[in-house]
Amino acid sequence: MKIAIVYFSQSGNTEKAAGFIKEGLLGAGEFDIKLMNISGETSLDTGFLNECAAVIIGTPVYMADMAWQLKKWFDTDHSVKLAGKLGGAFATAGFVQGGMDTAVANVLHHMLVKGMLVYSSGTASGMPFLHLGPVAVAAELDNSRELFVTFGKRFADKAKELFD
Ligand SMILES: Cc1cc2nc3c(=O)[nH]c(=O)nc-3n(C[C@H](O)[C@H](O)[C@H](O)COP(=O)(O)O)c2cc1C
């Protein structure tokens with residue numbers, strides 16, 4: 001099964017969080033996983049993205065919301081068909097009060113508009129609670145690694161349940 005982790009990352013925090021999620025996914029099964037920075041020098045692999053059963057999307061928090069680069073991608077890139085794919089969202093921020101949950105909620109909201117199925121693991125799987133999806137303050141990212149890894153594992157289990 002193909003899974004993409006799509007994110008915007010200017011200074012590397014969200015990219016690092018994406019790597020933690022990848023660790024979790026790989027800990028739960030055999031997946032073909034690609035990480036893609038939407039502002040990277042190489043363009044997104046739309047062929048791979050369209051073949052994915054699931055797409056996890058990450059953003060740095062900008063003004064208590066998703067980064068505009070991600071919003072632009074949602075609004076303008078019609079080459080990727082997200083409908084019917086399983087989605088999950090994550091974010092990194094500068095401050096605990098800086099709007100991490102709002103940013104994640106807004107990514108999930110966009111996923112719904114695109115026709116995706118969304119999954120957070122919420123609080124239903126016990127500790128650690130994920131609520132809307134894994135988030136971390138950049139300065140605490142390494143200490144928050146387990147949240148992202150756990151999300152990856154639970155997301156992988158859900159993807160296998162739905163698509164295998
Ligand atoms: C333009 C801009 C706006 C930001 N706005 C917020 C904000 O509203 N709340 C917050 O907690 N952090 C804010 N930050 C901090 C980033 O969310 C944080 O540093 C994040 O981890 C950066 O991710 P990256 O290293 O993947 O680019 C902002 C950073 C930038 C550059």
Side-chain angles (χ1 to χ4, degrees), residues 2-28 31-46 48-49 52 54-77 79-80 82 85-114 116 118-123 128-156 159:
K2 292 184 169 72
I3 300 180
I5 307 178
V6 175
Y7 55 88
F8 172 71
S9 186
Q10 182 121 23
S11 49
N13 300 320
T14 310
E15 183 163 70
K16 191 171 188 180
F20 294 156
I21 292 174
K22 181 180 176 182
E23 272 180 50
L25 291 168
L26 289 175
F31 298 99
D32 186 1
I33 298 166
K34 276 196 182 177
L35 270 60
M36 303 183 201
N37 187 335
I38 61 168
S39 73
E41 296 193 348
T42 51
S43 57
L44 291 187
D45 184 343
T46 43
F48 184 89
L49 266 171
C52 282
V55 180
I56 300 171
I57 299 180
T59 184
V61 178
Y62 281 6
M63 306 302 163
D65 206 331
M66 76 176 83
W68 64 263
Q69 291 86 347
L70 179 57
K71 170 69 173 153
K72 181 182 173 193
W73 181 69
F74 273 125
D75 290 357
T76 61
D77 188 342
S79 62
V80 180
L82 293 171
K85 300 184 192 306
L86 185 65
F90 65 101
T92 69
F95 309 94
V96 73
Q97 77 281 22
M100 294 183 282
D101 280 350
T102 308
V104 168
N106 288 346
V107 174
L108 297 174
H109 180 102
H110 277 64
M111 287 178 162
L112 288 172
V113 175
K114 294 282 185 180
M116 297 182 78
V118 298
Y119 178 72
S120 64
S121 111
T123 55
F129 289 158
L130 269 305
H131 295 91
L132 296 171
V135 292
V137 171
E140 288 298 317
L141 188 52
D142 287 330
N143 293 333
S144 307
R145 179 182 163 278
E146 199 50 38
L147 266 191
F148 292 88
V149 172
T150 300
F151 174 74
K153 284 184 188 148
R154 292 179 187 168
F155 189 93

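Here the structure is a predicted model, which is why all the values come from computation and not from measurement. Both ligands and their constituent atoms are indexed starting at 1 by order of listing. Both backbone and side-chain heavy atoms feed into the values below; hydrogens, waters and symmetry mates do not.
In this structure, F155 and F151 have tilted ring planes: the angle between them lies in the 30° to 60° band. Using the six-membered ring where Trp is involved, F148 and F20 have ring planes that are tilted, between 30° and 60° apart.
Panel note: side chain K114, backbone F74; a donor-acceptor pair is recorded below 3.5 Å.
Near ligand 1, S9, Q10, S11, G12, N13, T14, P60, V61, Y62, M63, A64, T92, A93, G94, F95, G98, A138 each place a heavy atom less than 4.0 angstrom from the ligand.
Under the side chain to side chain donor-acceptor pair (under 3.5 Å) test applied with T92, the options T59, N13, T14 reduce to a single match, T14.
Shown here are the side chain to side chain contact (heavy atoms under 4.5 Å, CB included) partners of S120, two or more places apart in sequence or in another chain: there are none.
Enclosure of atom CZ in F129 by more than 12 non-hydrogen atoms of other residues, nucleotides or ligands within 6.0 angstrom is indicated.
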